[in-house]
Amino acid sequence: MTEQLQQILYIVSAALIIIGLLGVFLPILPGIPLAYAGMVLAAWVGGFHEISVLVLILLGLLTAASLAIDFLASALGAKRAGASKMAILGAGLGSLFGMILFNLPGLILGPFVGVMVVETAQGKSIREAGKVGFATWLGIAVGVALKVGLAFAMLGIFLFALWY
């Protein structure tokens with residue numbers, strides 16, 4: 001591999017990592033998996049000298065944990081509050097439509113509104129639906145906080161392996 005191609009691939013790798021870190025906060029992007037892809041690319045370009053396969057396995061496990069958090073955090077929050085499966089679907093649709101129509105505020109309020117609509121349509125009172133909506137939103141917030149922690153832990157491990 002030429003030195004010029006190697007530099008281009010390192011730039012692509014850095015771009016993937018940066019975009020991936022942004023994706024932790026912007027759910028339209030597959031954040032942590034994208035950052036992991038950049039880390040794997042950097043390791044490959046470097047011949048796995050600085051970033052070993054063992055480090056990549058550890059980073060891969062953290063990536064898998066972030067995906068599990070994505071799926072489980074809001075669902076567990078909703079389930080603990082007694083949400084129906086349809087309400088969890090309502091949270092997902094609320095997130096999607098909220099983000100499309102109202103950007104970040106819609107993304108934050110969309111899951112809550114989605115759960116509220118489904119739960120009240122299924123006969124729950126506004127108070128009960130609000131409780132489920134809040135629990136769902138709280139689960140999402142906890143999930144985002146955990147993903148931010150995982151993303152920065154992965155970045156720290158990657159940088160530590162790269163420089164030491």
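If you're wondering where the values come from, they're calculated on a predicted model, not measured in any experiment.
With values rounded to the nearest 0.5 angstrom, Ile57 atom CD1 is found 12.5 Å from Thr63 atom OG1. Taking CG from Leu22 and CD1 from Ile17, the interatomic distance works out to 12.5 Å, rounded to the nearest 0.5 Å. Between atom CD1 of residue Ile18 and atom CG of residue Leu155 there is a gap of 9.5 Å, rounded to the nearest 0.5 Å. Remark: Met154 CE to Leu159 CG distance equals 11.5 Å, nearest 0.5 Å. In this structure, Met116 CE and Glu128 CD are separated by 11.0 Å, a value rounded to the nearest 0.5 Å.
Side-chain contact check for Pro33 versus Leu67: some heavy-atom pair is nearer than 4.5 Å. Between Trp44 and Met39, every side-chain heavy-atom pair lies at or beyond the 4.5 Å cut-off. Using a 4.5 Å cut-off on side-chain heavy atoms (C-beta onward), Lys131 and Arg127 make no contact. Counting heavy atoms from C-beta outward, Val55 and Glu50 have side chains that stay 4.5 Å or more apart.
In terms of heavy-atom proximity, Ser125 sits nearest to Thr120 at O-CG2, 4.3 Å. When all heavy atoms are compared, the tightest approach of Ala129 to Glu119 is CB-CB, 3.6 Å. Between Val45 and Met1, the shortest heavy-atom distance links the atoms CG1-SD, 4.3 Å. Nearest heavy atom pair, residue Gly38 against residue Leu16, reads CA-CB, 3.7 Å. Between Leu34 and Gly20 the shortest heavy-atom distance is CB-CA, 3.9 Å.
Placement of Leu162 and Leu62 within a single hydrophobic cluster is found when ILVMFWY residues are connected by side-chain heavy-atom separations under 4.5 Å, directly or transitively. Following chains of ILVMFWY side-chain contacts shorter than 4.5 Å, one can reach Leu150 starting from Phe160, so the two form part of one hydrophobic cluster. Hydrophobic clustering (ILVMFWY, side-chain heavy atoms < 4.5 Å, transitive): Val117 and Val115 are in distinct clusters. Using a 4.5 Å cut-off between side-chain heavy atoms of Ile, Leu, Val, Met, Phe, Trp and Tyr, with links allowed through other members, Ile140 and Leu109 fall into different hydrophobic clusters. Residues Val53 and Leu59 share a hydrophobic cluster, clusters being chains of Ile/Leu/Val/Met/Phe/Trp/Tyr side chains in contact below 4.5 Å.
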Show the numbers, then the answer: is there a side chain to side chain contact (heavy atoms under 4.5 Å, CB included) between Val118 and Leu89? CA-CA 9 Å; Val118 171; Leu89 178 62; over 6 Å; no

Go through the steps for Thr2 and Leu5 under the test side chain to side chain contact (heavy atoms under 4.5 Å, CB included), then give the verdict. CA-CA 5 Å; Thr2 67; Leu5 177 61; 3.3 Å; yes

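The backbone N or O of Leu56 lies less than 3.5 Å from a partner atom in the side chain of Tyr36, making a donor-acceptor pair.
Residue pairs meeting the ring pair (Phe, Tyr, Trp, His ring centres under 6.0 Å) criterion with at least one partner in residues 121-159, sequence neighbours excluded, are absent.
Taking the side-chain hydrogen bond (donor to acceptor under 3.5 Å, both in side chains) definition, one finds that Gln122 meets it with Ser84, sequence neighbours left out. The side-chain contact (heavy atoms from CB on, under 4.5 Å) search around Leu58 returns Ile157, not counting sequence neighbours.
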